[in-house]
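What follows is a short report on a single structure.
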Amino acid sequence: MRTALAPGQKADRNRRKRGSDMLLTAALLTAALTLQVQPTPPVPQPPTPAAPPSEAAVAFARLEIPDGAGPAIEAGVWTPGADGGARRPLIVISHGNGGDFRSHEATARALAQAGFVVAALTHTGDNWRDQSRATDVAQRPRQLHVLIDYLLSDWTGRTAIDADRIGAFGFSAGGFTVLTAAGGEPDLGRIGDHCIAHPGFYDCGLIAARGAPKTDQTWVHDRRIKAVAAAAPALGFAFTRQGLSGVAQPVQLWRGENDRVLPSPFYAEPVRDALPRPPEYRSIPGAGHFDFMPPCSARLAELAPAICAPTPGFDRAAFQQTFNRDLIAFFRRTLTAPGGGR
């Protein structure tokens, strides 16, 4: 005989189930990426300024980066064609919950074709293989810092990087990561009230399933980051004016107006309003949360329809070309122009 659940117990059970469903969807998303063996087609580049012919070719390498006593950090690096030894700007990429270093491969390749060295990591404990530390969000900016350290000090290609010109791009949880790495200090004590008011939101479902992060975190910042692009940043409500006072770098901030995963006005808008320097703000009509990721293959769409299903009335493939073009233009202005960045 089953014991009837009280209303509060039913609500808790339902929240845990939503969180588990979200974790399964995230795992399916990137697990399916491993089945895609065809190369990602290059994204068309803007006509001006045109990339030199030497930048048309892109080389790729997979890295295992030591991380103290913990597991090595998996990363991918995309480098443009050789040009006689010139030092290039570096862009580091942080994926969303349940992703890996390939989650934004098309964007990485587009940036490399435009002349940037690009490195994306797989966040240990928050990827499709392992969700054991998915809500230990302080580890994310720390791992990004480890990646930059390795690329500048130990990587065999380090002489190709201009250490004074480093940018960071992140999506969703990765957006939170790059804002924090650039100097942000989120107030995680705000999560409790947020999730009481919005238990059905994605982040609250994840927290219900995995546990809330500690509120007394020590945040690792990396002042070598001179420009930040954040798309649909998670936990945006946790950033106050004081908490973002340390982010003086140029910021390009994106949101989808049809984002049902991290909906308005709790995520991108608080970041926009709290930054000490007004960001380049891009609010995309009709875009959903996952439209900031590349279009899905047929196989991926079969395995992860919730993520791959077309947003009604929105062309993800066309938007990705615009998105990558605008990212390239932003990082060119802030990292490659004389006096760019801080």
Side-chain angles (χ1 to χ4, degrees), residues 39-40 42-43 45 49-68 70-95 100-102 104-124 141-170 174 177-178 181-183 220-229 249-250 324 327-342:
T40 303
V43 176
Q45 298 305 305
S54 62
E55 294 178 352
V58 172
F60 170 76
R62 181 182 174 278
L63 307 178
E64 293 283 343
I65 299 172
D67 187 18
I73 296 173
E74 178 186 47
V77 180
W78 293 261
T79 53
D83 65 349
R87 289 180 176 267
R88 297 177 179 275
L90 168 68
I91 307 298
V92 291
I93 296 178
S94 173
H95 62 76
D100 75 357
F101 74 89
R102 297 161 298 181
H104 298 276
E105 183 174 2
T107 294
R109 287 187 174 276
L111 285 163
Q113 286 180 322
F116 299 89
V117 176
V118 184
L121 78 168
T122 298
H123 283 287
T124 305
R142 186 196 66 77
Q143 292 166 6
L144 199 69
H145 176 78
V146 171
L147 172 67
I148 295 173
D149 270 352
Y150 179 85
L151 292 170
L152 297 183
S153 302
D154 299 306
W155 180 46
T156 56
R158 60 188 177 275
T159 57
I161 297 174
D162 184 343
D164 292 325
R165 296 187 293 166
I166 298 177
F169 161 64
T177 301
V178 297
V220 174
H221 307 307
D222 198 316
R223 293 301 178 183
R224 294 170 294 190
I225 297 173
K226 300 300 196 300
V228 174
Q249 300 94 324
N324 291 337
L327 281 179
I328 290 166
F330 170 73
F331 284 126
R332 278 182 169 158
R333 285 195 304 274
T334 56
L335 297 178
T336 65
R342 288 196 300 168

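Source: prediction; values computed, not measured.
A donor-acceptor contact shorter than 3.5 Å links the side chain of Arg332 to the backbone of Ala114. Looking at Gln113, its side chain never comes within 3.5 Å of a backbone N or O of Val58 through a donor-acceptor pair. A donor-acceptor contact shorter than 3.5 Å is absent between the side chain of Arg88 and the backbone of Thr79. In this structure, the side chain of Arg224 does not engage the main chain of Ile166 through any donor-acceptor pair within 3.5 Å. Listed for the Thr122 side chain is no donor-acceptor partner under 3.5 Å among the backbone atoms of Ala75. A donor-acceptor pair is defined here as one N or O able to donate and one able to accept, closer than 3.5 Å; no such pair exists between the side chain of Arg62 and the backbone of Gly76.
Here the CG-CH2 distance, from Leu90 to Trp155, works out to 8.0 Å after rounding to the nearest 0.5 Å. One finds the CD1 atom of Ile161 at 5.0 Å from the CG atom of Leu151 (value rounded to the nearest 0.5 Å). The structure places OH of Tyr150 at 15.5 Å from NE2 of His145, a figure rounded to the nearest 0.5 Å. Between the CG atom of Leu147 and the CZ atom of Phe101 there is a distance of 12.0 Å, given to the nearest 0.5 Å.
The closest side-chain heavy-atom distance from Ile65 to Glu74 is not below 4.5 Å. Two residues are said to be in side-chain contact when any heavy atoms from C-beta on lie closer than 4.5 Å; Leu327 and Phe116 fail this criterion. Side-chain atoms of Leu63 and Val77, non-hydrogen and from C-beta on, do get closer than 4.5 Å to each other. Ser153 places none of its side-chain heavy atoms less than 4.5 Å from the side chain of Arg158. Leu335 has its side chain within reach of Ile91: a pair of non-hydrogen atoms, C-beta onward, lies under 4.5 Å apart. Contact of the Arg142 side chain with the Leu144 side chain is not registered, since no non-hydrogen atoms from C-beta on lie closer than 4.5 Å. Residues Ile73 and Val146 meet the side-chain proximity criterion, which asks for heavy atoms closer than 4.5 Å.
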Handout entry: Test side chain to side chain contact (heavy atoms under 4.5 Å, CB included) applied to Ile148 and Ile225, step by step
Key = CA-CA 9 Å; Ile148 295 173; Ile225 297 173; 4.0 Å; yes
Exercise for the section: Begin with the C-alpha distance, continue with both residues' side-chain angles, and end with the deciding distance and a verdict on side chain to side chain contact (heavy atoms under 4.5 Å, CB included) for Thr177 and His123. Expected result: CA-CA 10 Å; Thr177 301; His123 283 287; 4.1 Å; yes
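Checked against a 6.0 Å centroid threshold, the rings of Phe60 and Trp78 count as neighbours. A distance of 6.0 Å or more separates the ring centres of His95 and His104.
Pairing each heavy atom of Thr124 with each of Ala72, the nearest pair is OG1-O, 4.2 Å. Pairing each heavy atom of Ser94 with each of Gly174, the nearest pair is OG-CA, 3.2 Å. Of all the heavy atoms in Ala182 and Val228, the pair that sits closest is CB-CG2, 3.5 Å. Between Asp164 and Lys226, the shortest heavy-atom distance links the atoms O-CG, 3.7 Å. Nearest approach of Gly115 to Pro89, heavy atoms of both residues: O-CD, 4.1 Å. Among all heavy-atom pairs drawn from Pro80 and Ala112, the shortest one is CB-O, 3.0 Å.
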